Chemist: 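Have a look at the structure that comes next, please.
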Amino acid sequence: MALPELNTARYSMVIPSTGQTVNYRPYLVKEEKILMMAMESDDNKVIARATVDVIKSCIEDKIDVDGLAMFDIETIFLALRSKSVGESMELKIKCGDESCNKVSDVYINFDDIEIPEISNEKTNIMLTDDVGVVMKYPSMRDVEKMGNVDDTDAEQAMSMIMACIDSIFDEDAVYPASDESSKSLTNFVDSLNNVQFLKLSEFFRDMPAVQHTVNYKCECGKEQEQVLKGLSSFFT
């Protein structure tokens with residue numbers, strides 16, 4: 001005799017970078033096992049991959065999860081976790097005072113976590129008065145690709161910039177990066193001066209991210225403030 005099937009609630013949310021509404025279900029025990037194993041590895045790459053795999057299982061609409069920006073992945077994961085394990089979570093945070101290093105239990109509410117605001121203005125970067133680029137935020141696929149390349153930091157930075165150029169424009173036309181060869185894009189980036197290259201680098205530094213500032217009092221008596229940012233911060 002077949003065992004009864006359990007009904008699972010359905011929810012919807014908006015993906016920050018695309019504005020698309022998607023339907024999802026909470027993750028189940030089988031998926032929580034995947035997350036727990038990833039957490040035990042203490043490897044950010046393993047955690048990120050496990051998170052993406054769970055999201056793929058829980059999202060009921062056809063979307064390219066690997067093609068989403070990292071802050072999209074973070075936002076979706078927090079929504080999943082909120083509906084799967086409760087509206088709040090407990091984090092263990094080490095005191096910022098090196099003479100203390102005590103670990104405190106801090107509770108945060110998912111509703112208090114800032115969801116990143118997306119501005120198209122930040123993706124348009126003028127390099128000269130006439131020439132500019134439109135950037136796209138790095139996806140999970142881009143991040144994994146860079147992580148698998150054994151390059152120096154400078155070479156990885158160059159590769160990431162090239163991967164995230166959506167188009168180049170001047171007064172006369174727009175040139176989609178997808179229409180250009182890798183050599184052509186490399187030559188373009190190589191032709192930048194230091195100031196122009198810094199502008200593109202700052203795009204990554206200022207990328208939207210899911211983050212939350214925690215204020216608490218440690219057992220040592222000192223007031224502490226810590227900014228949680230990135231998947232690993234909200235994973236425990």
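Since the model is a prediction, treat every value here as computed from it, not as a measurement.
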Chemist: Tell me, with the steps shown, if Asn215 and Glu223 meet side chain to side chain contact (heavy atoms under 4.5 Å, CB included).
Modeler: CA-CA 7 Å; Asn215 293 287; Glu223 298 290 340; 6.0 Å; no
Chemist: Are Phe204 and Phe197 connected into the same hydrophobic cluster when the rule is that any two of I, L, V, M, F, W, Y join if their side-chain heavy atoms are below 4.5 Å apart?
Modeler: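 The answer is yes; both residues are in one hydrophobic cluster.
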Chemist: Can you run down the salt bridge (charged side-chain N to carboxylate O under 4.0 Å, His left out) pairs that involve residues 194-220, sequence neighbours left out, and say none if there aren't any?
Modeler: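 The answer is none; no pair qualifies.
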Chemist: Indicate the atoms forming the closest heavy-atom contact of Phe203 with Lys136, along with that distance.
Modeler: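 That would be CE2-O, 3.7 Å.
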Chemist: Is any side-chain heavy atom of Ile63 closer than 4.5 Å to one of Ile15?
Modeler: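 A side-chain contact exists here, since the closest heavy-atom pair is under 4.5 Å.
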Chemist: If I take atom OG from residue Ser88 and atom CZ from residue Arg81, how far apart are they, to the nearest 0.5 angstrom?
Modeler: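 Those atoms lie 10.0 Å apart.
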Chemist: Can you tell me how far CD1 of Ile93 sits from CG of Asp105, rounded to the nearest 0.5 angstrom?
Modeler: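 These two atoms lie 9.5 Å from each other.
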Chemist: Heavy-atom distance under 4.5 Å between the side chains of Cys100 and Lys222, does that happen here?
Modeler: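 They are not in contact (no side-chain heavy atoms under 4.5 Å apart), so the answer is no.
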Chemist: Give the intermediate values and the outcome of side chain to side chain contact (heavy atoms under 4.5 Å, CB included) for residues Met135 and Asp166.
Modeler: CA-CA 5 Å; Met135 301 292 288; Asp166 186 66; over 6 Å; no
Chemist: Are any non-hydrogen side-chain atoms of Cys220 and Cys95 less than 4.5 angstrom apart?
Modeler: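 Cys220 vs Cys95: side chains touch.
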Chemist: If hydrophobic clusters are built from ILVMFWY residues whose side chains come within less than 4.5 Å, do Tyr11 and Ile113 share one?
Modeler: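 Result: yes, single cluster for both.
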Chemist: Just jot down the side chain to side chain contact (heavy atoms under 4.5 Å, CB included) partners of Ser191, sequence neighbours excluded, or say none.
Modeler: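 For Ser191 there are no side chain to side chain contact (heavy atoms under 4.5 Å, CB included) partners, ignoring immediate neighbours.
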Chemist: Are the side chains of Ile161 and Ile165 in contact, using a 4.5 Å heavy-atom criterion?
Modeler: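 Yes; the side chains approach each other to less than 4.5 Å.
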Chemist: What distance separates Ile47 CD1 from Thr51 OG1, expressed to the nearest 0.5 Å?
Modeler: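 Going from CD1 on Ile47 over to OG1 on Thr51, the span is 7.0 Å.
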Chemist: Does Val106 offer a backbone N or O that forms a donor-acceptor pair with the side chain of Ser104 under 3.5 Å?
Modeler: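 Pair absent, no side-chain N/O of Ser104 close to backbone of Val106.
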Chemist: Do His212 and Asp112 come within less than 4.5 Å of each other through their side chains, counting heavy atoms only?
Modeler: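 They are in contact (side-chain heavy atoms under 4.5 Å apart), so the answer is yes.
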Chemist: State which residues pass side chain to side chain donor-acceptor pair (under 3.5 Å) with Glu87; sequence neighbours excluded, sorted by chain then number.
Modeler: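 Applying side chain to side chain donor-acceptor pair (under 3.5 Å) to Glu87 gives Ser82.
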Chemist: Show me the donor-acceptor pairs, under 3.5 Å and distance only, between side chains in residues 68-80 and residues at least two apart or in other chains.
Modeler:
{"residue": "Asp72", "atom": "OD1", "partner": "Ser17", "partner atom": "N", "Å": "3.0"}
{"residue": "Asp72", "atom": "OD1", "partner": "Ser17", "partner atom": "OG", "Å": "3.4"}
{"residue": "Asp72", "atom": "OD2", "partner": "Ser17", "partner atom": "OG", "Å": "2.4"}
{"residue": "Asp72", "atom": "OD2", "partner": "Ala69", "partner atom": "N", "Å": "3.3"}
{"residue": "Glu74", "atom": "OE1", "partner": "Val210", "partner atom": "N", "Å": "3.1"}
{"residue": "Thr75", "atom": "OG1", "partner": "Phe71", "partner atom": "O", "Å": "2.7"}

Chemist: Measure across Gln196 and Leu127 and return the closest heavy-atom pair with its distance rounded to 0.1 Å.
Modeler: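 Smallest heavy-atom distance, with atoms named: NE2-O, 3.3 Å.
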Chemist: Could you work out the complete set of other residues in the hydrophobic cluster of Tyr107, with links drawn between I, L, V, M, F, W and Y side chains under 4.5 Å apart?
Modeler: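 Taking Ile, Leu, Val, Met, Phe, Trp and Tyr as members, Tyr107 stands alone, with no cluster partners.
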Chemist: Can you pull the ring-ring contact (aromatic ring centres under 6.0 Å, His included) pairs that have at least one residue in residues 170-196, sequence neighbours excluded?
Modeler: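 Of all non-adjacent pairs touching residues 170-196, none passes ring-ring contact (aromatic ring centres under 6.0 Å, His included).
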Chemist: Which pairs pass salt bridge (charged side-chain N to carboxylate O under 4.0 Å, His left out) with one or both residues in residues 171-194, sequence neighbours excluded?
Modeler: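 For residues 171-194: none.
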Chemist: So, taking the atom named CG in Leu192 and the one named OG in Ser201, what distance separates them when rounded to the nearest 0.5 Å?
Modeler: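 These two atoms lie 9.5 Å from each other.
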Chemist: The criterion is side chain to side chain donor-acceptor pair (under 3.5 Å); which residues satisfy it with Asp64, sequence neighbours excluded?
Modeler: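 With sequence neighbours excluded, Asp64 shows a side chain to side chain donor-acceptor pair (under 3.5 Å) to Arg141, given in chain and number order.
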Chemist: For the residue pair Gln20 and Val14, establish whether any side-chain heavy-atom pair is separated by less than 4.5 Å.
Modeler: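 The answer is no; the side chains never approach within 4.5 Å.
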Chemist: Residues in side chain to side chain donor-acceptor pair (under 3.5 Å) with Ser99, at least two apart?
Modeler: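 Side chain to side chain donor-acceptor pair (under 3.5 Å) check on Ser99 returns Asp97.
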Chemist: Are Asp142 and Tyr137 side-chain neighbours, meaning at least one heavy-atom pair lies under 4.5 Å?
Modeler: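 A side-chain contact under 4.5 Å is absent here.
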Chemist: With a cut-off of 3.5 Å and sequence neighbours excluded, list every side-chain donor-acceptor pair involving residues 21-31.
Modeler:
{"residue": "Arg25", "atom": "NH1", "partner": "Glu31", "partner atom": "OE1", "Å": "3.1"}
{"residue": "Arg25", "atom": "NH2", "partner": "Glu31", "partner atom": "OE2", "Å": "2.7"}
{"residue": "Arg25", "atom": "NH2", "partner": "Ser57", "partner atom": "O", "Å": "3.3"}
{"residue": "Glu31", "atom": "OE1", "partner": "Leu28", "partner atom": "N", "Å": "2.6"}

Chemist: Which pairs with one or both residues in residues 46-59 pass salt bridge (charged side-chain N to carboxylate O under 4.0 Å, His left out), sequence neighbours excluded?
Modeler: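 Those involving residues 46-59 are Arg49-Asp53, Arg49-Asp66, Arg49-Glu144, Lys56-Asp66.
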Chemist: Phe169: which other cluster members, linking ILVMFWY side chains closer than 4.5 Å, directly or transitively?
Modeler: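 Traced through the cluster, Phe169 reaches Met126, Val134, Val174.
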Chemist: Are any of the side-chain heavy atoms of Val85 and Glu32 separated by less than 4.5 Å?
Modeler: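 They are in contact (side-chain heavy atoms under 4.5 Å apart), so the answer is yes.
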Chemist: Quick check: closest heavy atoms across Lys94 and Tyr216, and the distance to 0.1 Å?
Modeler: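 Shortest heavy-atom separation between Lys94 and Tyr216 comes out as O-OH, 3.5 Å.
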Chemist: Could you see if Leu198 belongs to whatever hydrophobic cluster contains Val133? Use Ile, Leu, Val, Met, Phe, Trp, Tyr and a side-chain cutoff under 4.5 Å.
Modeler: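 Leu198 and Val133: separate clusters.
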Chemist: Check the hydrophobic clustering (I, L, V, M, F, W, Y; side-chain heavy atoms under 4.5 Å; chains of links allowed) and say if Val46 and Met39 are grouped together.
Modeler: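 Hydrophobic grouping puts Val46 apart from Met39.
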Chemist: Measure the OG1-CE distance between Thr123 and Met207 for me, rounded to the nearest 0.5 Å.
Modeler: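 Taking OG1 in Thr123 and CE in Met207, the distance rounds to 13.0 Å.
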